[in-house]
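For reference, the structure discussed in these notes is given below.
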Amino acid sequence: MRTIWWDDEKKAVGMIDQTLLPERLEDILVGSVGELCEAIQSLRVRGAPALGAAGGYGVALAAARSAATNPAALLHDVREAAGVIRAARPTAVNLSWGVDRAVKAVDEMGGSAGVEEIRAAALAAAELIAGEDVSINRALGDRGARLLEDGDVVLTHCNAGRLACVGWGTALGVIRSAVAEGKKISVYSCETRPLHQGSRLTAWELSEDNIPVTLICDSMAGMVMRQGKIDKVIVGADRITRDAVFNKIGTYTHAVLARAHGIPFYVAAPISTFDLAHSEKEVEIEERDADEIRRLGERQLAPPGVEVYNPAFDATPLDLVTAIITERGIFRPPEMADLG
Ligand SMILES: CSC[C@H]1O[C@H](OP(=O)(O)O)[C@H](O)[C@@H]1O
């Protein structure tokens with residue numbers, strides 16, 4: 001089961017609406033760039049690799065739905081849509097990476113291409129991104145599984161599973177691969193306030209796969225590490241610059257705690273999440289709506305007007321990272337420069 005796909009009959013992007021989990025597993029069809037951006041910003045589709053596919057499919061959607069009857073007008077519509085989609089969530093590099101790959105495929109068609117050829121090129125690029133993702137994550141997972149021993153207890157944060165990808169997962173992909181090899185792995189999933197990807201998505205995914213999972217509050221991570229319950233920490237990533245790993249808010253805290261307790265801290269991410277041309281200080285960290293913290297559904301958890309700071313991601317300096325697990329291999333931070 002894929003997390004995101006193309007519905008050619010309806011010329012729309014299909015996706016699991018992750019805001020409904022764990023209560024309901026339901027698909028939605030997205031038929032416009034505006035609807036796609038809403039789905040991205042509302043985290044109906046989320047997670048770096050899934051956003052990469054959403055970026056590619058967004059370009060294909062723009063091309064398919066454009067009313068343009070000549071190539072120049074269609075290219076204009078595609079490029080305009082590309083800019084809007086890139087801006088939907090600024091921190092995860094895969095969104096713009098997916099958009100750029102589809103736009104590049106369209107540009108490479110050259111001036112003689114007709115509108116249908118341009119539409120086909122955009123969709124082919126998007127399908128390639130989505131199709132590659134599962135095999136990339138399995139390769140990454142299989143490599144990372146070597147780091148896990150039978151009986152390991154792994155702490156993870158947010159959701160870097162198949163719901164964050166087109167399939168299989170990155171951090172949870174490593175766990176799935178280790179389990180597939182016959183290793184008994186159990187997981188501590190941090191709930192990941194304020195949007196609870198850990199409780200709503202990771203705990204759901206692992207329960208569906210019959211992988212033992214224990215849900216904890218984010219604030220309990222230090223205690224379980226100090227109690228000796230955790231053997232490894234594995235998280236995903238949204239962007240890896242030459243000096244830091246950007247991931248869900250709270251990841252940095254776990255990295256510091258892991259270092260304090262002598263626990264290996266691994267990041268699992270495809271090469272497409274690397275952005276070595278930039279440093280930490282050049283990356284925009286998405287800040288989200290204050291009511292995500294002030295409220296929980298219908299419940300008011302704080303005074304309505306209280307000041308809120310709600311960054312969606314934090315940056316973990318590479319010197320706190322034991323190794324980064326990719327489809328090309330496992331890299332200690334100093335070796336990352338070779339990734340180019
Ligand atoms: C495999 S990338 C998953 C990555 O994306 C999540 O962020 P969000 O749920 O806001 O898209 C989180 O940072 C995960 O580690």
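First listed ligand is number 1; within each ligand, the first listed atom is number 1. Bear in mind the structure is a predicted one, so any value in this text is a computation, not a measurement. What's counted below: heavy atoms across the whole structure, side chains too, no hydrogens, waters or symmetry copies.
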For [atom], what is the closest protein heavy atom, and at what distance to 0.1 Å?
atom: atom 7 (O) of ligand 1; value: K248 CE, 3.5 Å
atom: atom 12 (C) of ligand 1; value: C158 SG, 3.3 Å
atom: atom 5 (O) of ligand 1; value: D238 OD2, 3.1 Å

Does some non-hydrogen atom of P49 fall short of 4.0 Å from ligand 1?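 For ligand 1, residue contact (heavy atoms, under 4.0 Å) with P49 is present.
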
Any heavy atom of F246 closer to ligand 1 than 4.0 angstrom?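 No heavy atom of F246 comes that close to ligand 1.
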
One thing to verify: whether R200 and E23 come together as a salt bridge, which I'm taking to mean a side-chain N less than 4.0 angstrom from a carboxylate O. no

Tell me whether R79 is salt-bridged to D107, with the criterion being a basic N under 4.0 Å from an acidic carboxylate O.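 Answer for the salt bridge query: yes.
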
Interatomic spacing from [atom1] in [X] to [atom2] in [Y] - rounded to 0.5 Å:
X: M109; Y: K104; atom1: CE; atom2: NZ; value: 13.5 Å
X: L61; Y: S32; atom1: CG; atom2: OG; value: 6.5 Å
X: I16; Y: R46; atom1: CD1; atom2: CZ; value: 11.0 Å
X: I240; Y: F274; atom1: CD1; atom2: CZ; value: 4.0 Å

At a 4.0 Å threshold, what atoms of ligand 1 neighbour a non-hydrogen atom of [X]?
X: A164; answer: 1 (C), 3 (C)
X: A237; answer: 2 (S)
X: T170; answer: 1 (C)
X: N247; answer: 4 (C), 12 (C), 13 (O), 14 (C), 15 (O)

Applying a heavy-atom cut-off of 4.0 Å, say which part of Q197 lies close to ligand 1: side chain, backbone, both or neither. side chain

Side chain, backbone, both or neither: the part of A48 lying under 4.0 Å from ligand 1 by heavy atom: both

Any side-chain donor-acceptor pair under 3.5 Å between T91 and D238?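 D238 and T91 do not have a side-chain donor-acceptor pair below 3.5 Å.
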
Give a yes/no verdict on a cation-pi contact between R162 and W168, requiring under 6.0 Å between NZ or CZ and the six-membered ring centre and an angle within 45° of the axis. no

F265 ring centre to K232 NZ or CZ under 6.0 Å, with the angle to the axis within 45°?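 Relative to the ring axis of F265, which defines the angle, K232 lies outside at least one limit.
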
N or O contact, N159 vs ligand 1, cut-off under 3.5 Å: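 The answer is no, given that N159 and ligand 1 share no N or O pair closer than 3.5 Å.
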
Regarding ligand 1, does G47 bring an N or O atom to under 3.5 Å of one of the ligand's N or O atoms?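 It does: an N or O of G47 is found under 3.5 Å from an N or O of ligand 1.
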
If you take the nearest heavy atom of each of R89, R239, R46, which one is closest to atom 6 (C) of ligand 1? R46

